[in-house]
A.B. asks: 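Mind looking over this structure? Questions follow.
Residue numbering restarts at 1 for every chain, and letters A, B, ... go by the order of the sequence lines.
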Amino acid sequence: MSKISAFALIDCNSFYASCEKVFRPDLKACPVLVLSNNDGCIIARSAEAKALGVEMGAPYFKVRDELNRMGVRVFSSNYELYGDMSARVMNILHQFSPDVEVYSIDEAFIGLSGFPEREFGAIGSEIKRRIYRWTGLPVSVGIAETKTLAKIANRIAKKSPKANGVLDLFRSKFREKALESTNLVDIWGVGRRLSKRLRCMGIHNALDLSRADENIIRKEFGVTLLRTLLELGGESCIPLDMMPSPKQGICSSRSFGKPVESIREMKEAVATYATLVAEKLRAQSSCATAMDIYITTNRFREDEPQYSAHLTMTFPVATANTSEIIGYAVDAVGRIFREGYRYKKAAVIAMGIVPADSVQLNLFDTARRERGEALNAVIDGLNNRFGRDALKSASTGISPEWQMRRDMKSPAYTTRWDELPVVY
DNA sequence: TCTGGGGTCCTAGGACCC
DNA sequence: TCTGGGGTCCTAGGACCC
């Protein structure tokens with residue numbers, strides 16, 4: 001006999017904005033926003049900010065004056081803080097169930113198959129209570145037969161005052177109602193494009209989609225949307241993924257704080273991103289067999305000449321060695337860089353990723369590689385202990401002008417001794 | 001002056017093989 | 001003149017996610 005399928009989706013409310021509020025009780029009732037890297041776009045809004053009509057994704061420079069007038073408090077993103085707060089939330093979830101899928105920095109699914117059905121609601125409430133008590137972060141919980149339905153339950157739990165942050169839709173007589181009130185774009189796996197095409201076929205909400213013809217959906221849209229359709233009907237097609245496999249591509253890309261015009265600066269930036277990529281590779285015990293380097297001008301500046309280029313470099317032996325990867329990356333810049341442009345962004349993408357322990361060694365290369373690995377291990381150790389950039393390659397620049405802007409970043413309250421909050 | 005970053009999965013089409 | 005069928009692998013592009 002197969003076990004029932006039941007999932008809870010736990011999602012932190014306005015996660016980044018809530019993290020900022022935890023350490024600033026003076027801002028408890030204030031509208032708070034968090035910006036993307038380079039202080040570019042709005043990527044998180046507290047409930048108060050949403051109520052003021054602040055748009056998600058809006059370019060900050062366009063709305064800055066208005067936000068100031070409304071008394072909105074604005075923060076640069078502080079991923080060190082959010083990452084640490086996220087780990088605390090996930091630790092708490094592991095106390096409730098061994099089956100936890102960390103889906104994103106602020107979301108996790110947990111499997112509830114092992115629990116009695118009648119306790120689902122109470123478990124959801126206890127999760128919410130404990131996370132708030134132990135971290136100060138508000139979460140919402142949605143429970144249902146499938147991950148797609150749990151997403152919908154979570155969304156309603158967040159919005160409906162009656163739900164109070166927890167909604168159990170498992171075998172609920174309200175499921176149809178919930179589906180009917182869910183717009184296409186609010187279904188997990190359905191974006192703007194698909195919504196538009198579905199509406200042309202007379203499908204206007206989640207209930208319509210759950211009742212659509214399976215063959216037509218399969219044929220017109222593929223298996224992904226068919227799975228969504230089935231999941232909306234309560235048939236679980238997307239299992240929990242508790243042990244995410246190592247990433248297949250590892251990317252580091254950033255816009256510059258100010259345009260880069262010289263090849264020297266471009267090499268510094270690309271060396272910096274290459275360093276990050278190498279660190280990420282080592283953190284998941286992988287090596288890369290190839291790498292893509294991208295550089296591009298600012299596509300929003302239609303008045304400026306545009307140029308973008310990329311180059312794929314294949315390594316003779318798979319590697320995660322910082323200085324080796326920097327070497328290839330800088331070489332690539334030399335080949336694709338053109339004078340006379342104002343560059344906005346660069347990216348380093350590692351590809352062909354393989355486990356470090358399965359790398360085919362070149363017979364004569366072994367001793368040199370071993371020394372490289374030992375050096376990298378020491379660098380990683382020091383940087384973990386004393387903070388990122390305690391030790392870095394000189395080729396990444398000393399205090400480069402292209403570095404991204406983060407003018408309004410809060411302290412790393414929980415991860416740096418010298419930035420701990422002080423209480424009087 | 002100022003417009004994020006890092007991923008996944010699926011599909012179609014071409015190259016190549018027997 | 002005739003010119004199959006099936007499989008795999010790779011890549012680019014599209015769509016989606018947070």
Side-chain angles (χ1 to χ4, degrees), chain A residues 9-16 33-45 55-65 67 74-79 82-83 86 101-109 147-148 151 154-155 184-198 218-228 237-238 241 244-259 273 276-277 280-281 284 289-290 292 294 296-304 310 312 314 342 344-353 401 404-408:
Chain A
L9 174 66
I10 296 88
D11 185 323
C12 301
N13 304 347
S14 314
F15 180 55
Y16 296 169
L33 289 184
V34 177
L35 304 178
S36 65
N37 279 336
N38 253 325
D39 296 339
C41 298
I42 294 164
I43 55 169
R45 308 160 296 161
E55 291 273 334
M56 183 74 167
Y60 176 55
F61 75 94
K62 285 189 178 172
V63 289
R64 181 170 43 207
D65 295 342
L67 295 175
V74 180
F75 291 90
S76 303
S77 39
N78 181 350
Y79 288 104
Y82 312 148
S86 172
E101 173 185 345
V102 177
Y103 179 66
S104 74
I105 194 167
D106 71 330
E107 261 179 75
F109 290 101
K147 287 162 88 174
T148 305
K151 276 270 195 185
N154 185 288
R155 211 173 153 275
L184 292 172
V185 276
D186 296 323
I187 303 170
W188 189 40
V190 180
R192 253 190 12 257
R193 302 289 174 107
L194 288 180
S195 301
K196 202 170 158 197
R197 285 174 60 201
L198 287 166
R218 163 76 243 240
K219 194 160 151 281
E220 297 289 320
F221 299 91
V223 293
T224 319
L225 196 65
L226 175 61
R227 277 200 283 264
T228 301
C237 307
I238 309 172
D241 181 9
S245 37
K247 300 198 191 335
Q248 296 165 29
I250 287 181
C251 168
S252 174
S253 84
R254 269 172 200 61
S255 300
F256 306 131
K258 57 177 281 195
Y273 303 167
L276 286 169
V277 164
K280 290 187 201 176
L281 282 168
Q284 67 164 29
T289 52
D292 241 21
Y294 276 92
T296 181
T297 50
N298 187 349
R299 65 195 159 93
F300 292 104
R301 294 296 302 264
E302 288 171 13
D303 54 325
E304 290 184 0
H310 79 108
T312 305
T314 305
R342 289 159 58 79
K344 177 63 183 169
K345 186 175 179 176
V348 175
I349 303 145
M351 301 174 305
I353 290 174
E401 290 185 39
M404 66 179 171
R405 280 193 310 277
R406 288 159 100 189
D407 296 337
M408 297 159 284

A.B. asks: Please tell me if A/Ser253 has a side-chain N or O lying less than 4.0 Å from either OP1 or OP2 of B/dG6.
C.D. replies: yes

A.B. asks: Quick one: label A/Arg301 by what it contacts on the DNA or RNA (base, sugar-phosphate, nothing), any heavy atom closer than 4.0 Å.
C.D. replies: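 Sugar-phosphate: the residue A/Arg301, judged by heavy atoms under 4.0 Å, touches backbone atoms but no base.
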
A.B. asks: Which nucleotide, B/dC10, B/dG4, B/dT11, lies nearest any side-chain atom of A/Ile43?
C.D. replies: B/dG4

A.B. asks: How many Å lie between CD1 on A/Ile105 and P on B/dG6, as a whole number?
C.D. replies: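 Computing the A/Ile105:CD1 to B/dG6:P distance gives 13 Å.
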
A.B. asks: What does A/Lys247 touch in the nucleic acid at a heavy-atom separation under 4.0 angstrom: a base, only the sugar-phosphate, or nothing?
C.D. replies: sugar-phosphate

A.B. asks: In whole angstroms, how far is the C1' atom of B/dC10 from the CD1 atom of A/Ile238?
C.D. replies: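 So the two atoms are 14 Å apart, to the nearest Å.
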
A.B. asks: So if I take every side-chain heavy atom of A/Lys280 and compare against B/dC10, C/dC17, B/dG7, which nucleotide ends up nearest?
C.D. replies: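 Nearest to the side-chain atoms of A/Lys280, counting from C-beta on, is B/dG7.
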
A.B. asks: Taking the side chain of A/Ser252 as its heavy atoms from C-beta onward, which of B/dG6, B/dC2, B/dG4 lies nearest to it?
C.D. replies: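 Closest nucleotide among those given: B/dG6.
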
A.B. asks: Taking the side chain of A/Asn37 as its heavy atoms from C-beta onward, which of B/dG7, C/dA15, B/dG4 lies nearest to it?
C.D. replies: B/dG4

A.B. asks: Regarding A/Gly249, tell me which of base, sugar-phosphate or nothing describes its non-hydrogen contacts under 4.0 Å with the strands shown.
C.D. replies: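 If one applies the 4.0 Å heavy-atom cut-off, A/Gly249 turns out to touch the sugar-phosphate alone, with no base involved.
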
A.B. asks: Report yes if some heavy atom in the side chain of A/Glu107 is under 4.5 Å from a heavy atom in the side chain of A/Asn154; otherwise report no.
C.D. replies: no

A.B. asks: Classify the angle between the aromatic ring planes of A/Tyr103 and A/Trp188 as parallel (below 30°), tilted (30 to 60°) or perpendicular (above 60°).
C.D. replies: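 It falls in the perpendicular class, over 60°.
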
A.B. asks: Once the angle between the rings of A/Tyr273 and A/Phe256 is folded into 0 to 90°, is it parallel (under 30°), tilted (30 to 60°) or perpendicular (over 60°)?
C.D. replies: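 Because their plane-to-plane angle is under 30°, the rings of A/Tyr273 and A/Phe256 count as parallel.
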
A.B. asks: Taking the side chain of A/Trp188 as heavy atoms from C-beta outward, which of C/dC18, C/dA15, B/dG4 is closest to it?
C.D. replies: C/dC18

A.B. asks: Choosing from B/dT1, B/dT11, C/dC17, which nucleotide comes nearest the side chain of A/Arg218?
C.D. replies: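 Taking heavy atoms from C-beta onward, the closest nucleotide is B/dT11.
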
A.B. asks: I'd like the C1' distance from B/dC16 over to C/dG4, given in whole Å.
C.D. replies: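 Roughly 16 Å separates the two C1' atoms.
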
A.B. asks: Using purine N1 to pyrimidine N3 plus N6-O4 or O6-N4 for Watson-Crick, or N1-O2 and O6-N3 for G-U wobble, each under 3.5 Å, what pairs with B/dC18?
C.D. replies: C/dG5

A.B. asks: Rounding to an integer number of Å, can you tell me how far A/Ile349 CD1 sits from C/dA12 P?
C.D. replies: 12 Å

A.B. asks: Starting from the 5' end of DNA chain B, give me the residue, A/Cys251 or A/Lys62, whose nearest nucleotide shows up first.
C.D. replies: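 Here A/Lys62 is the residue nearer the 5' end.
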
A.B. asks: OP1 or OP2 of B/dC10 versus the side-chain N and O atoms of A/Arg227: is any pair under 4.0 Å?
C.D. replies: yes

A.B. asks: Nearest whole Å is fine: how far is B/dC9 P from A/Lys147 NZ?
C.D. replies: 11 Å

A.B. asks: What's A/Tyr103 touching, base or sugar-phosphate or nothing? Going by heavy atoms closer than 4.0 Å.
C.D. replies: sugar-phosphate

A.B. asks: From the list B/dC2, B/dT8, B/dG4, which nucleotide is the closest neighbour of the side chain of A/Tyr79?
C.D. replies: B/dG4

A.B. asks: Is the phosphate of B/dG5 approached by A/Ser255 (side-chain N or O, under 4.0 Å from OP1 or OP2)?
C.D. replies: yes

A.B. asks: Evaluate the side chain to side chain contact (heavy atoms under 4.5 Å, CB included) criterion for residues A/Arg64 and A/Asp39: first the C-alpha distance (whole Å), next the side-chain angles of each, then the deciding distance (0.1 Å), finally the verdict.
C.D. replies: CA-CA 11 Å; A/Arg64 181 170 43 207; A/Asp39 296 339; over 6 Å; no

A.B. asks: What is the distance, to the nearest angstrom, from the CZ atom on A/Arg197 to the P atom on C/dC16?
C.D. replies: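 Rounding to the nearest Å, CZ of A/Arg197 and P of C/dC16 are 9 Å apart.
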
A.B. asks: Angle class for the A/Tyr16/A/Tyr82 ring planes (parallel below 30°, perpendicular above 60°, tilted otherwise)?
C.D. replies: parallel

A.B. asks: Classify the nucleic acid contact of A/Ile187 as base, sugar-phosphate or nothing, counting any heavy atom under 4.0 Å across all strands shown.
C.D. replies: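 Since only primed, P, OP1 and OP2 atoms lie under 4.0 Å of A/Ile187, the category is sugar-phosphate.
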
A.B. asks: Could you please spell out the steps behind the side chain to side chain contact (heavy atoms under 4.5 Å, CB included) verdict for A/Lys280 and A/Lys247?
C.D. replies: CA-CA 10 Å; A/Lys280 290 187 201 176; A/Lys247 300 198 191 335; over 6 Å; no

A.B. asks: Rounded to whole angstrom units, what separation is found between the NZ atom of A/Lys196 and the P atom of C/dC16?
C.D. replies: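 After rounding, the reported distance stands at 12 Å.
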
A.B. asks: Figure out the CD/C1' separation between A/Glu220 and B/dC10, and round it to whole Å.
C.D. replies: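 About 16 Å, once rounded to whole Å.
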
A.B. asks: With a 4.0 Å limit, can you tell me whether A/Lys151 has a side-chain N or O closer than that to the phosphate oxygens OP1/OP2 of C/dC18?
C.D. replies: yes

A.B. asks: Name the nucleic acid region contacted by A/Leu35, choosing base, sugar-phosphate or nothing; use a 4.0 angstrom heavy-atom cut-off, strictly under.
C.D. replies: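 Answer is nothing: A/Leu35 stays at 4.0 Å or more from every strand.
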
A.B. asks: Please give, in whole Å, the distance from B/dG5 C1' to A/Asp39 CG?
C.D. replies: 14 Å

A.B. asks: Tell me, do A/Ser77 and A/Asn37 make a side-chain contact under 4.5 Å, heavy atoms counted?
C.D. replies: yes

A.B. asks: Please tell me if A/Arg254 has a side-chain N or O lying less than 4.0 Å from either OP1 or OP2 of B/dG5.
C.D. replies: no

